[in-house]
There are 2 protein chains.
Amino acid sequence: MDWRDLPSLNALKAFCVLADCGSYTRAGAILNVTHAAVQQQVKALESHIGLRLVERSGRKLALTSDGQQLARDLEPAFWQISQGVRTLMQASRRQPLRVTMSPVFAVKWLMPRLSDFQARYPDVTLLLNPSGRKLDLEKDDMDIALRYARRDALPDGAEFLVSLDLAVVGTPELIASAPTKRPADLQDLPWLEELGTNEVADWFERHGVDVSASLTVTQMPGNLIMEAVMRSDGLTYTACQWVEEALRENRLQALFVEPQIGGFYVHCRAGEPRSAARQFIAWLQEQAG
Amino acid sequence: MDWRDLPSLNALKAFCVLADCGSYTRAGAILNVTHAAVQQQVKALESHIGLRLVERSGRKLALTSDGQQLARDLEPAFWQISQGVRTLMQASRRQPLRVTMSPVFAVKWLMPRLSDFQARYPDVTLLLNPSGRKLDLEKDDMDIALRYARRDALPDGAEFLVSLDLAVVGTPELIASAPTKRPADLQDLPWLEELGTNEVADWFERHGVDVSASLTVTQMPGNLIMEAVMRSDGLTYTACQWVEEALRENRLQALFVEPQIGGFYVHCRAGEPRSAARQFIAWLQEQAG
DNA sequence: CGCAAATGTAAGATTATCTAACATATGGAT
DNA sequence: ATCCATATGTTAGATAATCTTACATTTGCG
């Protein structure tokens, strides 16, 4: 295959359209360019090949016999290319964009805004996967992940989205039931944390408290924790933003607030080519910023 | 046919070559560009289609199933295009370049230089047609004409080549046989001119001589004229350059020399696309200049 | 482990391509 | 016939696509 002295493929395309419709002006309209562009392309093609392909007779154009022969070869070839590309593009459009995130982020931040996205990009189908488990983009076949991280530990390639103030949260009653001046004071109170995580012990460690001593931590599914906290079953460590309303109404209190210590970032699978992914990420950033 | 959202054909070409050879670096070499160019084109194509087409596993590349499907469509299409173009280009190369000119120009100017052209462009076949008749480029199917014109009457689109000094020419014997001070003196001498032309009468008219009175003009084929002039059969009107040697050796004399009054120009058929034509014309200009 | 040989990325340079503006040509309407 | 609407043809300069350069990253091999 002699790829090197192939003429400009755009010129071939222009000629093929011209052959189809028999007019520079109309061919230009079809290709969304001016007649002059088509005419220059065709001229360049004639010059590359070394034969006249088009002839003028009056106001009409006609292909020379060489031009007709070339058009006979080009038309099916371009048709085949067009079909092949179209098939893949349709397949691509049918695939929804798969997004994974923690359930609390889905409920508190993403879902309330989602109707705006769907109004602006009605063609994009989102497939949300709220999951406590941190899914792997490649292995679990996800396109985009929205995850929590501390500010100082953003993974590579992540784009920061929403800043969060983390704090220890409990009912005023529970907090009043014991001293809460220093972090160490809290180790005698009951704690609740998400199944499979180690947030509470980490928190004490970061605050210089040795928790090798007794520490009552009950693990439960994330969606049940706030209910239990509200019943004064224990303290938990969470973002003030997720319990904003309860804090405002004094149904909950926040202790040892760490402002903007971390937040949610967006992570996109490497090399994701779909424009829908770019659109969704840009929309997330707009909503966040 | 949806010509408008076809992806960049160059990107498709790059992908097709990549699919062929399985390496950005090699594909770049084949297309005579860097690996980075290929890789950007393929990435742009993935982004246009919205699907990944290529995957890296270690140092090797592999097409995704979508990529394989696309390559299956593209390869025969590009092959067909390539064949169609190649066929026409070969046909074009086989056609010789048809050049018409006056016989004297062929003999005195072109032929002596022709071996230089053929040495430099051995691929170009010239078909020379020396002809007294002024052929029509279109009707007589000629590509290039080399013709005489006065400087002040160059036809449109003509490129001037060689400047000529025109003069009345005759043997010293003939010229000595009568007064030759003023143009009018010459009207009593015998004249020779090319068949079918009117050069002599025109010359007298330009010099303000009324030749409605007797004027002896013998018309004959151009190639016989100089022989007859040498035999003192008459005067003729010609370019000093064509009889340079005879003038130098005083076998002929020139009267009323009009320096640089006209010359030969080259005229190419409108829209001639062959590079051979451009090469020949450039060579003519170089030889002339 | 360090090197060689790939791929990946981004900024800036280079080309190809297009537009705008005007000239020319043609066929039909007045 | 002459004018006008509608084509094509041509060019300089603007715009956009494409490529290169230079560097980073990844991977397999000795």
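Letters A, B, ... are given to chains in the order of the sequence lines, protein chains preceding strands, and every chain is numbered from 1.
- Phosphate contact (OP1/OP2 of C/dA16, side-chain N/O of A/S8, threshold under 4.0 Å): absent.
- For the residue pair A/W283 and A/D116, a side-chain donor N or O sits within less than 3.5 Å of a side-chain acceptor on the partner.
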B/F280 vs B/F117, ring pair (Phe, Tyr, Trp, His ring centres under 6.0 Å): CA-CA, chis, key distance, verdict: CA-CA 8 Å; B/F280 182 61; B/F117 180 79; 5.2 Å; yes
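- Side-chain contact annotation: B/T100 with B/R133, donor-acceptor N/O pair under 3.5 Å absent.
- At whole-Å resolution of the value, CD1 in B/I30 and P in D/dC19 are 15 Å apart.
- The side chain of B/T25 places no N or O atom within less than 4.0 Å of a non-bridging phosphate oxygen (OP1 or OP2) of C/dA5.
- Counting to the nearest Å, the C1' atom of D/dT26 and the CD atom of B/E55 are 16 Å from each other.
- Look at A/E286 and A/R120 and you find a salt bridge, because one of the NZ, NE, NH1 or NH2 atoms lies within 4.0 Å of a carboxylate O, short of that distance.
- Residues B/Q90 and B/R93 bring no donor and acceptor atom of their side chains to less than 3.5 Å of each other.
- OP1 or OP2 of C/dA6 has not a single side-chain nitrogen or oxygen of B/Y24 nearer than 4.0 Å.
- Look at CG on B/L18: it is 13 Å from C1' on C/dA6, rounded to the nearest Å.
- Looking at A/S163 and A/Q260, their side chains do bring a donor and an acceptor atom within 3.5 Å of each other.
- Note that the two end axes of the helix from C/dC1-D/dG30 to C/dT30-D/dA1 enclose an angle of 20°, each drawn from 5 base pairs, rounded to 10 degrees.
- With distances taken from any side-chain atom of B/R56 to the nucleotides D/dT26, C/dT17, D/dT18, the minimum falls on D/dT26.
- Only A/H35, A/A36, A/Q39, A/Q40, listed by number, bring a heavy atom of residues 31-40 of chain A to less than 4.0 angstrom from any atom of DNA chain D.
- Residue B/V266 forms a side chain to side chain contact (heavy atoms under 4.5 Å, CB included) with just one option from B/L146, B/V99, B/V162, and that option is B/L146.
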Ring pair (Phe, Tyr, Trp, His ring centres under 6.0 Å) between B/F264 and B/F105, worked out: CA-CA 8 Å; B/F264 272 78; B/F105 186 80; 4.3 Å; yes
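- Residue B/K43 is in sugar-phosphate contact alone, with no base atom involved, counting any heavy-atom pair closer than 4.0 Å across all strands shown.
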